[in-house]
Every structure is written in C-alpha cells, then in structure tokens.
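Report on one structure; see the data block that follows.
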Amino acid sequence: MATDVYAAADFYGMARGAVAARLLRERLASLWPPSPPGHRSGLAFLGIGYAAPYLGLWRETAARCVSVVPAQVGIARWPVDAANLCCTAPEDALPFPDLCFDRVLLVHGLEAADNARRLLREIWRVLRDDGRLLVVVPNRVGMWAHIESTPFGQGQPYSPGQIGRLLAASLFRVERRDTALYLPPINMRLLLQGAHLWESCGRTLVPRLAGVTISEAVKDVYAAVPLRAVPRRKVALADAA
C-alpha cells in the first residue's frame, strides 16, 4: 500500500512523528548542511514524495525550493503558512525542464512508486549534471518498515544493497550512505524522551537495524543513455487548495 499524504500529515502531527522528523532532519542536515541565516545558497531544491517535514531545512536560503507529490499518493499543500510551492503530478512526467535542480530529496516516494525506475529516470532528467540526489527509504530489516501505522511502514522497503542496485540501474552512483530512526516505533513518552540515546546506541551497536537508510547519489554521466527520446505525455497539474 502506498503512502497517503493525509495519513502522513497526521503521523507527523503527533509526538512520535515529530520526534522521528527531528531525528531524520538531523541526519539530512549533516549530509546537506543548510546555509547560515542571511546567506543564499543559490541552489534549486526539489522534494518528491511527502517531503514537507524536511524541505524547511533549505527553503529560506535556496534560490528555489518546490515539492511534487506523485499523483497516486495524493494532494498536499506546502508550506502551510506561505504561498503554495507544492503540486501533484505523475511520477513519470515531472512538470519541469531538463537539468533545472541542484538537489533532489526523495522521501516517502520511492517505496510508494508504481514504477521506481521511471521515477528515478525522471529525477535523472531534471537533476543537473553536477547535482545530488538524497533517497530516504524504509530499511527492510528495521522495525519501522513493519509498523503500518507510520508512513515508513507503507509501500516497498529496501535494503542498502537493493537501493544501491536500483540507483545504479537508473544511471546514478551512490557516494555516501547514512541511517536514522533506531528509536522503536512505539508511542511511549519515556522512549520519545530518550530518542537521541536510542539513536546513539543504535548506530554503534546495531547499525543494520536502522528504521531508514539514506543514500546520496550523483548522476553517472558516463553510463549508457537511450539514443531515442522517450515520448512524453501532456501533463495537467493539480494544485493543492
């Protein structure tokens, strides 16, 4: 079952979801450090899937920061306190020209994709040649992938090896890996209060049991590419109310 944006929004509105978002944001910020306040990064960011809890890391200082929710996932508005920067579109027909983004964050998206390779091929198209892709997916052997009451327990989980092979088949090369969410997916106050201790101990003692795996990849510009252009459909965007 694919992630539903309304269920994901409800999850992140609860204490357990807020803690999970904070832990994951810390790992994302370590990989892509936000620019200091008042300094513009000059980078164009794209979030795909349900990226609303995370794009705020870079929105204020990015040259451009927008979000796309795949059509089968639902319709969302982001941000809620400013002009809408989110649209809905087919996963295999992103409504952007070639080579227009420096950074793409894919979270709550790949595991929900109807065709993961087509989605990654579209990301390859819109990502600049020196751009970077950050993929967050549920870890197949982690606890979070088996709890359906969270968005990490929906769709297709992946092992690090599986995501690496999928990215390679889609003309990407993984350069860095990370993990997050060693905290058990249980809504108990004592557990949530000790979230950072769980993360520290988990990364040291049981690194394979992370809730999510994070892969940073770049375009493999020397890999073979199709010689014929792929026919493209006309796309009608659905703007969130």
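Using a 4.0 Å cut-off between a side-chain N of Lys or Arg and a carboxylate O of Asp or Glu, Arg132 and Glu216 qualify as a salt bridge. Arg203 has a carboxylate O that lies under 4.0 Å from a charged side-chain N of Asp178, or vice versa, which qualifies the two as a salt bridge.
Between Val136 and Leu106, every side-chain heavy-atom pair lies at or beyond the 4.5 Å cut-off. The closest side-chain heavy-atom distance from Leu94 to Val68 is below 4.5 Å. At a threshold of 4.5 Å between non-hydrogen side-chain atoms, the residues Leu110 and Leu120 count as touching. No side-chain heavy atom of Val69 sits under 4.5 Å from any side-chain heavy atom of Ile75. A 4.5 Å side-chain heavy-atom check between Leu127 and Leu46 finds every atom pair outside the cut-off. Looking only at side-chain heavy atoms (C-beta outward), Asn139 and Pro160 come within less than 4.5 Å of each other. With contacts defined as side-chain heavy-atom distances shorter than 4.5 Å, the pair Arg77/Cys86 does not qualify. Counting heavy atoms from C-beta outward, Thr150 and Trp144 have side chains that approach closer than 4.5 Å.
At distances below 3.5 Å, not a single donor-acceptor pair connects side-chain atoms of Gln193 with backbone N or O atoms of Leu190. Of the possible donor and acceptor atoms, none in the side chain of Tyr6 sits under 3.5 Å from a partner among the backbone N and O of Gly74. Proximity of a side-chain donor or acceptor of Glu199 to a complementary backbone N or O of Leu181 within less than 3.5 Å is detected. In this structure a side-chain-to-backbone donor-acceptor pair under 3.5 Å is present from Arg16 to Pro185. Between the side chain of Glu91 and the backbone N or O of Asn115, at least one donor-acceptor pair lies under 3.5 Å. A donor-acceptor pair is defined here as one N or O able to donate and one able to accept, closer than 3.5 Å; such a pair exists between the side chain of Gln72 and the backbone of Ala112. A donor-acceptor pair under 3.5 Å is absent between the side-chain atoms of Arg121 and the main chain of Asp92, judged by distance alone. Side-chain atoms of Thr204 come within 3.5 Å of backbone N or O of Ser200 as a donor-acceptor pair.
Side-chain heavy atoms closer than 4.5 Å link hydrophobic residues (I, L, V, M, F, W, Y) into clusters, and following such links, even through other members, never connects Ile163 to Leu209. Follow the hydrophobic side-chain contacts under 4.5 Å out from Ile147 and you never reach Val19; the two are in separate clusters. Val206 and Leu183 are members of different hydrophobic clusters when ILVMFWY side chains are connected at heavy-atom separations under 4.5 Å. The cluster map of Ile, Leu, Val, Met, Phe, Trp and Tyr, joined by side-chain heavy atoms under 4.5 Å apart, puts Phe11 and Met188 in the same cluster.
Within the model, atoms CZ of Arg118 and CD1 of Ile123 stand 14.5 Å from one another, a figure rounded to the nearest 0.5 Å. Atom CG of Leu105 and atom CG of Leu133 lie 8.5 Å apart (nearest 0.5 Å). Taken from CH2 in Trp78 to CG in Leu85, the straight-line distance is 5.5 Å, to the nearest 0.5 Å. Separating the OG atom in Ser35 from the CZ atom in Arg40 is a distance of 9.0 Å, to the nearest 0.5 Å. Here the OG-CD1 distance, from Ser67 to Ile48, works out to 8.5 Å after rounding to the nearest 0.5 Å.
Checking each of Pro34, Pro33, Cys65 against Leu57 for a side chain to side chain contact (heavy atoms under 4.5 Å, CB included) leaves exactly one that passes, namely Pro34.
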(request) For side-chain contact (heavy atoms from CB on, under 4.5 Å), just list the numbers for Thr179 and Val212, CA-CA rounded to whole Å, side-chain angles, deciding distance to a tenth of an Å, and then say yes or no. (result) CA-CA 6 Å; Thr179 55; Val212 299; over 6 Å; no
(message) Between Leu28 and Leu134, is the side-chain contact (heavy atoms from CB on, under 4.5 Å) condition met? List the steps.
(response) CA-CA 8 Å; Leu28 299 181; Leu134 208 54; 3.6 Å; yes
(request) Decide side-chain contact (heavy atoms from CB on, under 4.5 Å) for Arg140 and Gln156; before the verdict, give the C-alpha distance in whole Å, the side-chain angles of both, and the deciding distance to 0.1 Å. (result) CA-CA 8 Å; Arg140 178 176 290 277; Gln156 172 67 49; 2.7 Å; yes
(message) Please evaluate residues Glu26 and His196 with respect to the criterion side-chain contact (heavy atoms from CB on, under 4.5 Å), reporting the C-alpha separation (whole Å), side-chain torsions for both, the decisive distance (0.1 Å), and the verdict.
(response) CA-CA 11 Å; Glu26 291 174 0; His196 282 97; 2.9 Å; yes
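Relative ring orientation between Phe152 and His108 is described as tilted, the plane-to-plane angle lying within the 30° to 60° band.
Under a cut-off of 6.0 angstrom, the local environment of CH2 in Trp198 is sparse, with at most 12 non-hydrogen atoms contributed by other residues, nucleotides or ligands. Within 6.0 Å of CZ in Arg25 there are more than 12 heavy atoms belonging to other residues, nucleotides or ligands. Remark: Arg189 CZ is loosely packed, at most 12 non-hydrogen atoms of other residues, nucleotides or ligands lying under 6.0 Å away. Within 6.0 Å of CZ in Arg117 there are 12 or fewer heavy atoms belonging to other residues, nucleotides or ligands. When the shell of 6.0 Å around CZ of Arg208 is examined, it contains 12 or fewer heavy atoms from other residues, nucleotides or ligands.
A donor-acceptor contact closer than 3.5 angstrom is absent between the side chains of Gln154 and Glu148.
Across all non-hydrogen atoms, the minimal contact from Gly164 to Val174 is CA-CG2, 4.3 Å. Of all non-hydrogen atoms in Ser215 and Arg177, the two that sit nearest each other are OG-NH1, 3.6 Å. The minimum heavy-atom distance linking Ala210 with Ala180 is given by the pair CB-O, 3.5 Å. Between Asp220 and Trp124, the closest heavy-atom pair is N-NE1, 4.1 Å. Of all heavy-atom pairs spanning Leu192 and Ile186, the tightest one is CD2-O, 4.2 Å. Here the closest heavy-atom approach between residue Asp102 and residue Gly42 is recorded as OD2-O, 4.1 Å.
Within the structure, side chain to side chain donor-acceptor pair (under 3.5 Å) pairs that include any residue of residues 53-62 comprise Tyr12-Tyr54 (at least two apart or interchain).
Aromatic rings from Phe101 and Phe45 are positioned such that their centres are separated by 6.0 Å or more.
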